[in-house]
Number of protein chains: 4
Amino acid sequence: MGFSRARTNEQKQQRIDAVVKATAHLYDTVSYDDITFAAIAKETGFARSNLYIYFTSKEEILLELLIHDLRSWSEDIGEAFHVRKSYTVEEVAEGWTNAYLKNKRLLSLLAILFTVLEKNVSTEALAQFKRKMMEVQHRVLELLGGLLPSIHEEVLEQFLINQLALVQGLYPMAFITERQKQAIEESGTGYVAPEFASSYLNVITALLKNLNKESIS
Amino acid sequence: MGFSRARTNEQKQQRIDAVVKATAHLYDTVSYDDITFAAIAKETGFARSNLYIYFTSKEEILLELLIHDLRSWSEDIGEAFHVRKSYTVEEVAEGWTNAYLKNKRLLSLLAILFTVLEKNVSTEALAQFKRKMMEVQHRVLELLGGLLPSIHEEVLEQFLINQLALVQGLYPMAFITERQKQAIEESGTGYVAPEFASSYLNVITALLKNLNKESIS
Amino acid sequence: MGFSRARTNEQKQQRIDAVVKATAHLYDTVSYDDITFAAIAKETGFARSNLYIYFTSKEEILLELLIHDLRSWSEDIGEAFHVRKSYTVEEVAEGWTNAYLKNKRLLSLLAILFTVLEKNVSTEALAQFKRKMMEVQHRVLELLGGLLPSIHEEVLEQFLINQLALVQGLYPMAFITERQKQAIEESGTGYVAPEFASSYLNVITALLKNLNKESIS
Amino acid sequence: MGFSRARTNEQKQQRIDAVVKATAHLYDTVSYDDITFAAIAKETGFARSNLYIYFTSKEEILLELLIHDLRSWSEDIGEAFHVRKSYTVEEVAEGWTNAYLKNKRLLSLLAILFTVLEKNVSTEALAQFKRKMMEVQHRVLELLGGLLPSIHEEVLEQFLINQLALVQGLYPMAFITERQKQAIEESGTGYVAPEFASSYLNVITALLKNLNKESIS
DNA sequence: CATGAATGAGGATTCATTCAT
DNA sequence: TATGAATGAATCCTCATTCAT
């Protein structure tokens, strides 16, 4: 019983990956508060104290997972569009939306990114996270520039931020738990939770069309 | 020493108000995790166990606070516009944005409403919260209908939801802590956090203009 | 299973006494590092978390125990001398020494009082301890003044402090563990640990005689 | 990166010295409980596990440091007196006291020697420590015999032990922390901590004078 | 000899919650 | 209703120590 030591950097990375993977599994199955170092240790088979060598809080691990999902999402976007082709605004909006739908966990992590995850993390870890996140953003920005060559880069950056805000806020309103559904039912208010895909698509289509006008004028 | 009994309903409401007020003060001064029943009890002067008579989790209290702030916000919107007058889309957007800026705590509570607050709450409490929230929404919807008489009510509802999603996501991106600022600095990425007022104004102006077209067509 | 609540102040004092008593037992049987809140909880039958209502560190409890032993010692001194009688310096020294020998645990607590116990204690708790300790000292000083009426009070105070220093340092040199004895044996140095009673008696006799001269001159 | 192997005994001694020196620095700057193998490893640059080759507990290291300081102290005593000259009791007492004042860390280590340091040490390490300590004592005893030729050696030995006890007990009463000062203040008892130099000087002067009489009679 | 990953154990502390009065 | 002692569970965190390389 017990793990052999991770001597090389490669092995060290394997340990980190194992921890992130285990945390991902936990994230998909249990509630946020039940993701603890104890649970992660159990899931990985590591000793709890051993985790402290690699991470100092669960939020740090989840940021790592977020980066992973973010890269997967950016790849999906890349694959959704061909470089040579030219696309209408509606087509861009649809491909974009689909990439999110393929990465549901990314959506739910983004929803707590700025309010929860970034709170219990050291400044250094946060800085490194920001670096990795900006890398992905740059890649996506380039891609978007290729799709919408008529729009200024700064305007596209602004769009990226706005849609990110929208995604963060819309996700938890759209994907609600059974208990939330029941509460709505019991409230008798007739409230209907928004449908993520159509709402998101709607808004970003409006935003993208607006960009065109901004850039022209 | 000690509190006299709350016999009447009125006294009971006074107790509830005292608890909410104390929690509001805590919310403004300490971090979310440091808002505990122990801290609230200390702040109010009540015994910890006594709080269980009125609330069963701190999230329940915070939902109550959210409702309070929501009403204050809706009143601010009401005061921002005169019923008789007619307003341009830009004027509506600006008044709307200002009402949010007057209620910063509401913004920060909305930012965790669906991801954090609604999680640790009984279905009954949640249902009641939904009822109160919808009351406010109806009032605001009526008001908005008066301002933009040409738009269908359903479209306005959709707008309300979309801007709520935007607000939730934008707030924590715009209002960041010192540590977050420092991390961004250290990351050397040149990332600049969005400015809430202008970003929000920008997007909802686009959305409102779009509504016009939708309704016309 | 479980304790009934300590409602009155008297019951509260009973709880405190129970904790101190259990800690005393532990102190007599296990090593200092093995006196933990967990061990005390086990010994008393209380829940560990319940101890935090009464004390916040084991040092606080041990200070309480020290006070208890100090009072017992001062009573022993009181009983050793009759008020009416007059005593020679040698008789005073002997009675004084015997009172210490009757309170071995006091000796061992004094030996760590300033180096260990006073370290991990809140300022408030320490202040209260000082108050209680000075109470005992005053009583003892009065008693000593009755025995040696020719000596100035300030000189007696000085004596009290000097003998306390001596007692603290001498005790751990005289009462040594089996392992310490064995190490001395193995060292082959022929070192002989001092015998507490005779060494202490010797020194304070010299000090007391010196006091006489100081006061005369 | 990393340390080259210590093959020869000389290199081994260098390692030991480095560890002792690092521990000395720690002892002067942080609290006793914060002196851990982890901290020492960090201070030296060694790997934690490497320390186990040379020492098995921090107390062992501190005993080594104590020996070092003890030798420094004995040298200071040697330099304070000329062999040929004859000294009064008062002069001896003063030189003796000054040697302690020059070696404050020795004082603080002596204060925990028998109560703390000797506890968590193997019998062998303790035996070796005793041997080294007795070496110093012999040197000092010889020196003292030269200064006070009229006193029997056994009586001088007794004096050495008594003053050692006094030093151990007096030091922590005289040199108190800020928190202890504050607690005394808050206690309102008017207690005044003894002044080390004068108190120590006073007592050993009395003891030395008494020795004269003992030996004469 | 030197390393540092891995372990296990334990201690401090706090929280939500109950319950007798 | 109001109290606060009492509980149990859980978390965080660090330390000494081992062991394969």
Side-chain angles (χ1 to χ4, degrees), chain A residues 1-8 11-12 15 33-39 41 44-54 56-58 120, chain B residues 1-8 11-12 15 33-41 45-58 120, chain C residues 1-8 11-12 15 33-41 44-58 120, chain D residues 1-8 11-12 15 33-41 45-58 120:
Chain A
M1 208 170 76
F3 276 76
S4 58
R5 264 159 287 104
R7 192 133 294 274
T8 68
Q11 283 174 313
K12 207 166 167 176
R15 293 287 181 277
D33 285 335
D34 289 339
I35 304 174
T36 63
F37 264 46
T44 56
F46 284 85
R48 199 174 26 231
S49 52
N50 193 22
L51 296 178
Y52 283 88
I53 297 174
Y54 303 108
T56 51
S57 74
K58 68 170 175 177
N120 192 20
Chain B
M1 205 171 73
F3 276 76
S4 57
R5 294 192 187 188
R7 287 183 191 281
T8 68
Q11 282 175 315
K12 206 166 169 177
R15 296 284 185 279
D33 285 336
D34 289 339
I35 304 174
T36 63
F37 266 46
I40 296 168
F46 284 89
R48 212 190 347 232
S49 51
N50 193 20
L51 297 178
Y52 284 85
I53 297 172
Y54 305 108
F55 298 100
T56 52
S57 75
K58 67 171 176 177
N120 192 20
Chain C
M1 207 171 75
F3 276 76
S4 58
R5 264 159 288 104
R7 191 134 294 273
T8 67
Q11 282 174 314
K12 206 168 169 176
R15 292 288 181 277
D33 285 336
D34 289 339
I35 303 175
T36 64
F37 265 46
I40 296 169
T44 55
F46 283 84
R48 195 167 41 225
S49 53
N50 192 21
L51 296 178
Y52 283 87
I53 298 175
Y54 303 108
F55 297 100
T56 50
S57 74
K58 66 171 175 174
N120 192 21
Chain D
M1 206 170 73
F3 278 77
S4 58
R5 293 191 188 189
R7 286 182 193 279
T8 68
Q11 282 175 315
K12 205 165 170 177
R15 295 282 185 280
D33 284 336
D34 290 338
I35 304 174
T36 63
F37 265 46
I40 296 169
F46 284 88
R48 215 195 341 241
S49 51
N50 194 18
L51 296 178
Y52 284 85
I53 298 170
Y54 305 108
F55 297 100
T56 50
S57 75
K58 67 170 175 175
N120 193 18

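When reading the values below, keep in mind they use all heavy atoms of this one structure, side chains included, and skip hydrogens, waters and symmetry mates. So that the names make sense, note that chain A is the first sequence line, chain B the second, and so on, each numbered from 1.
With values rounded to the nearest 0.5 angstrom, C/N50 atom CG is found 8.0 Å from C/T44 atom OG1. Rounding to the nearest 0.5 Å places CZ of B/R15 at 11.5 Å from CG of B/L51. The OH atom of C/Y52 sits 15.0 Å away from atom CZ of C/F46, with the distance rounded to the nearest 0.5 Å.
For the residue pair A/A38 and A/R48, the shortest heavy atom distance occurs at CB-NH1, 3.2 Å. The shortest heavy-atom contact between A/A39 and A/D34 is CB-O, 3.6 Å.
Proximity of the aromatic rings of C/F55 and C/F37 is defined here by a centroid distance below 6.0 angstrom, and this criterion is not met.
Contact annotation: side chain of D/S49 to base of E/dG4, donor-acceptor pair present below 3.5 Å.
Between D/Y54 and E/dC1 there is no side-chain N or O to OP1 or OP2 distance below 4.0 Å. Distances shorter than 4.0 Å separate some side-chain N or O of A/N50 from OP1 or OP2 on E/dT7. Between D/R15 and E/dC1 there is no side-chain polar atom (N or O) within less than 4.0 angstrom of OP1 or OP2. For F/dT14, the OP1/OP2 oxygens have no side-chain nitrogen or oxygen of A/R48 closer than 4.0 Å.
Going from atom CD1 of D/I35 over to atom P of F/dC15 covers 13 Å, rounded to whole Å. Across the protein-nucleic acid pair, D/L51 atom CG and F/dC15 atom P stand 13 Å apart, rounded to whole Å. Remark: P of F/dG4 and CD1 of B/I53 are 13 Å apart, rounded to the nearest angstrom. At whole-Å resolution of the value, CG in D/D33 and C1' in F/dT14 are 12 Å apart. For C/F55 and E/dT14, the CZ to C1' distance is 19 Å, given to the nearest whole Å.
Residues A/D34 and C/A47 both approach DNA chain F. Their nearest nucleotides, taken by heavy-atom distance, put C/A47 toward the 5′ side. Toward the 5′ end of DNA chain E lies the nearest nucleotide of C/A39, the other residue of the pair C/A39 and B/A38 mapping further downstream. For the pair D/T56 and A/T36, both in contact range of DNA chain F, the more 5′-proximal nearest nucleotide belongs to A/T36.
Looking at B/I40 and B/T36, their side chains never come closer than 4.5 Å, going by heavy atoms from C-beta outward.
Checked against E/dA12, E/dA16, F/dC12, the side chain of B/Y52 finds its nearest nucleotide in E/dA16.
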Quiz item: How does DNA chain F look in dot-bracket form if you count Watson-Crick and G-U pairs under 3.5 Å, write [ ] for pairs that cross, and put | where a base pairs with another strand?
Solution: .||||||||||||||||||||
